[in-house]
Amino acid sequence: GRFNIERGNTEPPAQMLLNLAQRFIVNSNPLCCGPPEILHILSGPAESQHRSVFGTTSDMLIEPLLQRGAALRPAAVWGLRSRALQGVPYSAMSIGVPKETAPREKRVAQTPESVAKLVKEGFTVKVESGAGAAADFNDEAYKAAGAVLGSRDDAFGASLVTKVMPPTPDEAKLIGDRMLLSFLFPAQNDALVKQLQAQKATAFAMDCIPRTLSRGQAFDALSSQANIAGYRAVIEASSVFGRFFAGQMTAAGKVPPAKVLVLGGGVAGLAAVQTAKNMGAIVRLFDVRAAVKEQAQSLGAEFLEVDYQESGEGGGGYAKEMSKEWHAAAAKMLAKQCEEVDIVITTALIPGKKAPVMVTHEMVAKMKPGSVTVDLAASAGGNVATTVPDECITTPNGVNCIGYTDLNSRLASTSSSLYANNQCKWILSAGPVTTKEKGVFALDPDDIAVRGMTVLDKGELKWPWSPPPPPPPKPKPPPKPEVVLTDEDYKQMYMASAKKVGYGAAAILGVGIISPTAAFSNMFTTFALSGVIGYQVVWGVAHSLHSPLMAVTNAVSGMTAVGGMYTMGGGLTPTTFAETLGFTATAISAVNITGGFLVTKKMLDMFKRPTDPPEFYEYYGYPVAGFIGGFGLVSLGFPQAANIAATASALGCIGGIAGLASQSTARLGLVSGMSGGSIGVAAPMGSLDW
């Protein structure tokens, strides 16, 4: 009624609403502000009035709108659905990809590969013509992927605008009250955030993903771009540096390897370490976080430490700002390093603050002529005092200082591909991960990946956001009351154990009664003893040694070669079919024995640490060789020597398995097993009639 009075319209209200709805579904973008007539009725208190006036006709209007996702802001949808979480089908959404306009920026938010994935899921992707040209993605590739090519206004008019760099004020104005997904850096771009807030926009910052969220690693654009920047920093340094990275010794003379110092052990720093190391340089890494030490050493770099105890661990995977005392100690150490190294690459950043200066003018002045500094923090003020953003300068003492802020754009194709994958995976996860409803885009505030990146929600400031605290640890179970055993309890325990022994004794007597021959009794004795010994030996093996144990037992099982050797019967060549089979079995078993021991040795070498004491297990070969040589002489006149050799072989094999029960005796166990195998092969050779 109020609607008709304000508009002076005499058309029946229900029919008028349906007409408006049809026009709106055709002309409007999903999830954005549409004609005020619809929102006037579907939002807030007017919704209840319209239901009371129009009755069931309202369902005819609302359900098609919900299905198409048209015109309904989340607030309006929540009003209609008792504020339950609602989603929008992918088919009702469009994603915009405008061309980046920031100076020296060549990246693009979506590549043809990511566009194809989004189109396959049902999105309409609107790409500004020429958006990917600087990154070597032409319009034909986007069109082949299913994108709709259009103007700048078309891309900014989409439901969700995807960008790389934060939008300019003019670009933000084009976004209006729709959704934006890009780098925002809200701590540094307060004016931009306020502009988007005034426009009632919804903004998601790629730089605000909770980096400690394991699922969020797929959306972590900061890491994907930092990895490329670290790699490119080494490439830029090598193009300016006047020597090889790897040392060379030629007839013309010796060229020493380059020495590279990387400051900051984050993603960019570790990427720089790996690249410089692969190019043959001597690499040193310095970071305030002690946890980086193992990562640096695993990449082959030397980790530098300050002679001052203070932890640099910060929140969210970043380093914290250190004290003045620590900086003084670090400056002393870095000054000495700058005199020695040829290239310094700095990557230290603190979120929301100016980058700390780690290499001062005095340190640069002490560097050798021809040295290079590459400052990855140039856009945040720089870690090197001589850095000039976006320039490469040469100091009076001949040091080349690189301050490029577009390192990612110098690998625009790769940077865009990784960034587009980050955005694409986030878009496709917003909704289905929590709602379990595929093909529907929904913003769930309980989803940490969505909530952490949300800077603005329809103009409401949601940043900064603190992640929920971890769940409290489970309460420890109450201690069990100590049970005091009486003499009667002990008596019952011994009686139960004695009964088990009695049952075993009766079973053994039963086997003796039913044994048909002496050979059966001997085999049963061997089986019983081997079962008891095997259980006692194998039961205590450490879990980490299960694989080496399997390899050693595989080698021991190769002792079937003994049976093959007896089948061969003697002589240098087989003369019967049975002897041929015996020779074949012996050859295959020999491969099993040799391979088993070699595999065990390689596995144990993986556990060896540089700090382990030296080992001289080869000395055990002398007594084994002496035993085999002595057996060869004794067996000529003493036929029972073969049985004794077989016993020694069995003891060696059992000792090998027993030795693999712990790390401290594993290598000795390998030597014992190899000794037992060698003696076991020698025993039948000495007993055969050659």
Side-chain angles (χ1 to χ4, degrees), residues 29-32 88 90-102 105-168 171-172 174-175 178-184 201-207 209 218-225 227-228 408-409 411-432 439 441 449-450 453:
N29 288 318
L31 287 182
C32 60
V88 179
Y90 291 165
S91 58
M93 286 189 63
S94 58
I95 295 176
V97 187
K99 183 178 181 179
E100 298 295 323
T101 59
E105 183 57 67
K106 297 180 180 180
R107 290 173 291 178
V108 62
Q110 301 299 328
T111 63
E113 181 183 2
S114 66
V115 166
K117 294 178 182 178
L118 293 170
V119 171
K120 182 180 178 181
E121 295 294 332
F123 290 99
T124 299
V125 183
K126 301 179 180 181
V127 179
E128 179 183 353
S129 181
D136 299 325
F137 301 117
N138 56 41
D139 289 348
E140 288 72 19
Y142 281 107
K143 192 173 182 180
V148 178
L149 297 176
S151 64
R152 184 167 180 258
D153 291 341
D154 292 332
F156 276 104
S159 312
L160 174 62
V161 179
T162 59
K163 278 182 53 60
V164 179
M165 298 302 291
T168 63
E171 290 174 338
L174 292 175
I175 294 172
R178 292 180 293 276
M179 293 187 292
L180 169 68
L181 177 63
S182 74
F183 283 129
L184 279 181
T202 297
F204 307 101
M206 293 296 295
D207 48 284
I209 181 69
F219 322 135
D220 190 357
L222 287 176
S223 293
S224 68
Q225 302 304 292
N227 180 42
I228 296 172
N408 288 102
S409 287
L411 284 172
S413 178
T414 302
S415 298
S416 298
S417 296
L418 297 182
Y419 181 80
N421 281 335
N422 294 140
Q423 284 204 341
C424 180
K425 291 178 179 179
W426 183 86
I427 293 171
L428 296 178
S429 73
F441 183 81
V450 172
M453 290 174 57

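Everything numeric here is computed off the predicted structure, so don't read it as measured data.
Every residue two or more places apart in sequence or in another chain that forms a salt bridge (Lys or Arg N to Asp or Glu O under 4.0 Å) with Asp220 is listed here: Arg211. When the side chain to side chain contact (heavy atoms under 4.5 Å, CB included) test is applied to Ala141, the partners found at least two apart in sequence or on another chain are Pro112, Asn138.
Taking CD1 of Ile95 as the start and CG of Leu181 as the end, the distance is 9.0 Å to the nearest 0.5 Å. Atom OG1 of Thr414 is separated from atom CG of Asn227 by 10.5 Å, given to the nearest 0.5 angstrom. Taken from OG in Ser223 to CG in Leu418, the straight-line distance is 11.5 Å, to the nearest 0.5 Å. The distance from atom CZ of Arg107 to atom OG of Ser415, rounded to the nearest 0.5 Å, is 6.0 Å. With values rounded to the nearest 0.5 angstrom, Asn422 atom CG is found 9.0 Å from Phe219 atom CZ. Distance check, rounded to the nearest 0.5 Å: OG of Ser416 to CD of Gln423 gives 10.5 Å.
Taking all atoms of both residues into account, the shortest heavy-atom contact from Asp207 to Ser182 is OD1-O, 4.3 Å. Residues Phe156 and Val161 approach most closely at O-CG2, 3.6 Å, considering heavy atoms. Pro167 approaches Ala172 most closely through the heavy-atom pair CB-N, 4.0 Å.
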Start with the C-alpha distance between Val127 and Val148, add both sets of side-chain angles, then the distance that settles side-chain contact (heavy atoms from CB on, under 4.5 Å), and finish with yes or no. CA-CA 6 Å; Val127 179; Val148 178; over 6 Å; no
Please lay out, stage by stage, how Thr111 and Ser417 fare under the test side chain to side chain donor-acceptor pair (under 3.5 Å). CA-CA 6 Å; Thr111 63; Ser417 296; 4.8 Å; no
Going through the distances and angles, do Gln110 and Leu118 end up as a side-chain contact (heavy atoms from CB on, under 4.5 Å)? CA-CA 10 Å; Gln110 301 299 328; Leu118 293 170; 3.9 Å; yes
For side chain to side chain donor-acceptor pair (under 3.5 Å), just list the numbers for Glu171 and Thr101, CA-CA rounded to whole Å, side-chain angles, deciding distance to a tenth of an Å, and then say yes or no. CA-CA 9 Å; Glu171 290 174 338; Thr101 59; 2.8 Å; yes
Begin with the C-alpha distance, continue with both residues' side-chain angles, and end with the deciding distance and a verdict on side chain to side chain donor-acceptor pair (under 3.5 Å) for Asp136 and Ser413. CA-CA 6 Å; Asp136 299 325; Ser413 178; 5.4 Å; no
Report the C-alpha distance between Glu121 and Leu428 in whole Å, list the side-chain angles of each, state the deciding distance to 0.1 Å, and finish with yes or no for side-chain contact (heavy atoms from CB on, under 4.5 Å). CA-CA 8 Å; Glu121 295 294 332; Leu428 296 178; 3.6 Å; yes
Applying side-chain contact (heavy atoms from CB on, under 4.5 Å), run through Lys120 and Tyr90 and close with a yes or a no. CA-CA 10 Å; Lys120 182 180 178 181; Tyr90 291 165; over 6 Å; no
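At least one side-chain heavy atom of Phe123 sits less than 4.5 Å from a side-chain heavy atom of Ile427. When side chains are defined from C-beta on, Leu174 counts as touching Arg152, because their heavy atoms get closer than 4.5 Å. Glu105 places none of its side-chain heavy atoms less than 4.5 Å from the side chain of Lys99.
Side-chain N or O atoms of Tyr419 include one that pairs as donor or acceptor with a backbone N or O of Lys163 at under 3.5 Å. Side chain of Ser129 to main chain of Leu149: no donor-acceptor pair is present (N/O by atom type, distance under 3.5 Å, no hydrogens or angles). Remark: side-chain polar atoms of Ser159 are paired, donor with acceptor, to backbone N or O of Ser94 under 3.5 angstrom. Side-chain atoms of Asp139 come within 3.5 Å of backbone atoms of Gly130 as a donor-acceptor pair (strictly under, hydrogens ignored). With Glu128 contributing its side chain and Val97 its backbone, the two residues share no donor-acceptor pair below 3.5 Å.
The aromatic rings of Phe204 and Trp426 sit tilted relative to each other, their planes meeting at an angle between 30° and 60°.
Ion pair Lys106/Glu100 not flagged as a salt bridge, since none of the NZ, NE, NH1 or NH2 atoms sits closer than 4.0 Å to an Asp/Glu carboxylate oxygen.
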